[in-house]
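As structure tokens, the structure follows; a few thoughts come after it.
Just so it is clear, the structure is predicted and the values come from calculations on it, not from any experiment.
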Amino acid sequence: MILSRRASLMLGLATASAAVMPRIALAQTAAPTSFAYPVEGGQVVFHPVGHASMVVETPGGVIHVDPVGGADLYAGMPQPSLILITHEHADHFDLPTLQALPAVAIIANPAVHGMLPADMQGRATAMANGDQAQAIGMGIEAVPAYNTSPDRQQYHPQGRDNGYVLTIGGKRFYVAGDTEDTPEMRALENIEVAFLPMNLPYTMTVQQAADAVAAFRPVSVFPYHHRGSDVQEFARLVQGSGAGSQVVIANWYPRGEAG
């Protein structure tokens with residue numbers, strides 16, 4: 001992983017903690033941190049924006065994933081070439097934010113595609129679970145995202161929502177969306193970086209997320225969409241599982257978890 005100079009300095013200040021938990025990367029907490037990973041043809045840079053939203057720079061263009069929260073959050077970010085939307089909930093799909101962004105191509109699950117106004121539908125593509133596509137020089141696979149626990153299935157029913165595996169420069173990056181540790185997640189292979197949600201009652205527990213990591217063993221994993229969850233406990237569980245995955249704790253709540 002390539003870190004910015006500021007993030008590297010922060011890691012240096014956290015040497016004592018890193019010595020105790022060497023597989024946990026501690027990120028700066030003053031502002032969202034950028035994380036870069038080398039791929040063929042350049043690098044992939046992730047910019048956490050908030051909760052479940054991120055901006056991803058790739059050699060082929062910039063992706064905004066689940067952009068919500070208003071245009072001001074994106075004013076200083078690289079402008080998108082593509083927008084990815086996982087599902088219809090307001091912390092993932094916000095029409096005013098989309099309308100404030102440049103009029104670029106959109107990929108969404110079919111339910112969200114049906115909610116878009118006509119002008120957006122004209123530049124949008126619906127991807128159902130299992131579909132594959134190509135855009136801005138990368139491969140995109142729509143991975144099922146759903147709740148498996150009987151008391152949570154009303155939040156994300158099977159067959160409606162997407163996660164995405166992005167193949168960029170020969171490496172695979174997984175953005176899970178809102179989901180529990182489904183068989184499809186556990187069966188993933190060769191994932192370089194994964195973003196996993198963990199908050200109740202909507203997604204999964206930190207134990208479920210750690211169990212999933214132990215199953216599909218991404219090289220690095222970010223807890224995200226984790227409001228109210230103990231991400232340090234997630235990191236300890238992953239470390240104890242023997243998965244060998246590096247847990248990266250980024251700042252997904254720069255305005256606080258109540259914001």
Using 30° and 60° as the class boundaries, would you call the ring planes of Phe222 and Phe46 parallel, tilted or perpendicular? tilted
Hey, could you give me the CG/CD distance between Leu237 and Gln208, rounded to the nearest 0.5 Å? 12.0 Å
Looking at every non-hydrogen atom in both residues, tell me the closest pair between Pro59 and Val39 and how far apart they are. CG-CG2, 4.0 Å
Should Val68 and Met115 be regarded as members of a common hydrophobic cluster, given that ILVMFWY residues are connected when their side-chain heavy atoms come within less than 4.5 Å of each other, either directly or indirectly? no
Is it the case that the side chain of Ser81 and the backbone of Val62 share a donor-acceptor pair, with hydrogens and angles ignored and the cut-off at 3.5 Å? yes
So, for Glu57 and Pro78, which heavy atoms are closest and what is the spacing to 0.1 Å? CD-CG, 3.6 Å
Go through the steps for Val165 and Leu188 under the test side-chain contact (heavy atoms from CB on, under 4.5 Å), then give the verdict. CA-CA 9 Å; Val165 172; Leu188 292 171; 4.0 Å; yes
What's the spacing between Arg123 CZ and Leu82 CG if we round to 0.5 Å? 11.0 Å
Rounded to the nearest 0.5 Å, what separates atom NE2 in His225 from atom CG in Leu196? 12.0 Å
Short side-chain to backbone donor-acceptor contact, Lys171 and Pro38, under 3.5 Å: yes
Looking only at atom types and distance, does a side-chain atom of Arg172 sit under 3.5 Å from a main-chain N or O of Glu189, one as donor and one as acceptor? yes
Is the backbone N or O of Val219 less than 3.5 Å from a side-chain atom of Glu192, with the two atoms forming a donor-acceptor pair by type? no
Residue pair His64 / Leu84, side-chain heavy-atom distance below 4.5 Å: no
CD1 (Ile107) and CD1 (Ile85) are apart, to the nearest 0.5 Å, by 10.5 Å
So, do Tyr202 and His156 have ring centers that fall under 6.0 Å from each other? no
So which atom in Asn109 and which in Tyr164 form the shortest heavy-atom distance, rounded to 0.1 Å? N-OH, 3.7 Å
Over 12 foreign heavy atoms within 6.0 Å of OH, Tyr155: yes
side-chain contact (heavy atoms from CB on, under 4.5 Å) between Met138 and Ile63, worked out: CA-CA 11 Å; Met138 68 179 178; Ile63 312 161; 3.3 Å; yes
Taking the side chain as every heavy atom from C-beta outward, state whether Val49 and Met77 have any atom pair closer than 4.5 Å. yes
So Thr86 and Phe93, do their side chains get closer than 4.5 Å, heavy atoms only? no
side-chain contact (heavy atoms from CB on, under 4.5 Å) for Val175 and Tyr224? Distances and angles first, verdict last. CA-CA 10 Å; Val175 179; Tyr224 87 140; 3.5 Å; yes
Quick check on the hydrophobic clustering: are Leu73 and Val45 connected, directly or via other members, by side-chain heavy-atom contacts under 4.5 Å? no
Spacing of Arg186 atom CZ and Asp211 atom CG [to the nearest 0.5 Å]: 5.5 Å
Distance check, rounded to the nearest 0.5 Å: Arg255 atom CZ versus His51 atom NE2? 11.5 Å
Could you go through His87 and Asp161, starting from their C-alpha distance and side-chain angles, then the distance that decides it, and tell me whether this counts as side chain to side chain donor-acceptor pair (under 3.5 Å)? CA-CA 5 Å; His87 68 289; Asp161 304 339; 4.6 Å; no
Is any side-chain heavy atom of Asn129 less than 4.5 Å from a side-chain heavy atom of Asp131? no
Looking only at heavy atoms, which two atoms of Asp178 and Ala145 are closest? And how far apart? O-CB, 3.5 Å
Using the side-chain hydrogen bond (donor to acceptor under 3.5 Å, both in side chains) rule, pick out the option among Glu180, Glu184, Arg160, Arg152 that qualifies with Tyr146. Glu184
Check for a donor-acceptor pair, side chain of Thr203 on one end and backbone N or O of Thr179 on the other, with a separation under 3.5 Å. no
Do the side chain of Thr97 and the main chain of Gly70 share a donor and acceptor less than 3.5 angstrom apart? yes
Which pair of non-hydrogen atoms, one from Ser53 and one from Trp252, has the smallest distance, and what is that distance? O-CZ3, 3.3 Å
For residues Ala243 and Val213, report the shortest heavy-atom separation together with the two atoms involved. CB-O, 3.9 Å
Is it the case that the side chain of Glu141 and the backbone of Leu166 share a donor-acceptor pair, with hydrogens and angles ignored and the cut-off at 3.5 Å? no
Only one of His226, Arg227, Glu233 clears side-chain contact (heavy atoms from CB on, under 4.5 Å) with Met198; which? His226
Any side-chain heavy atom of Thr125 within less than 4.5 Å of one from Ile106? no
Within the 3.5 Å criterion, strictly below it, is a donor on Asn147 or Gln153 matched to an acceptor on the partner's side chain? no
A quick test of your reading: do over 12 heavy atoms of other residues, nucleotides or ligands sit less than 6.0 Å from CD of Gln154? yes
Could you tell me if the side chain of Gln246 sits less than 4.5 Å from the side chain of Val221, heavy atoms only? no
Is Thr148 close to Thr182 at the side-chain level, that is, under 4.5 Å between some pair of heavy atoms? yes
Is it true that a side-chain atom of Thr58 and a backbone atom of Gly60 form a donor plus acceptor pair closer than 3.5 Å? yes
Ser220/Tyr37 under side-chain contact (heavy atoms from CB on, under 4.5 Å): CA gap, chis, key distance, verdict: CA-CA 10 Å; Ser220 296; Tyr37 296 84; 4.1 Å; yes
Does the side chain of Val143 come within less than 4.5 Å of Met185's, by heavy atoms? no
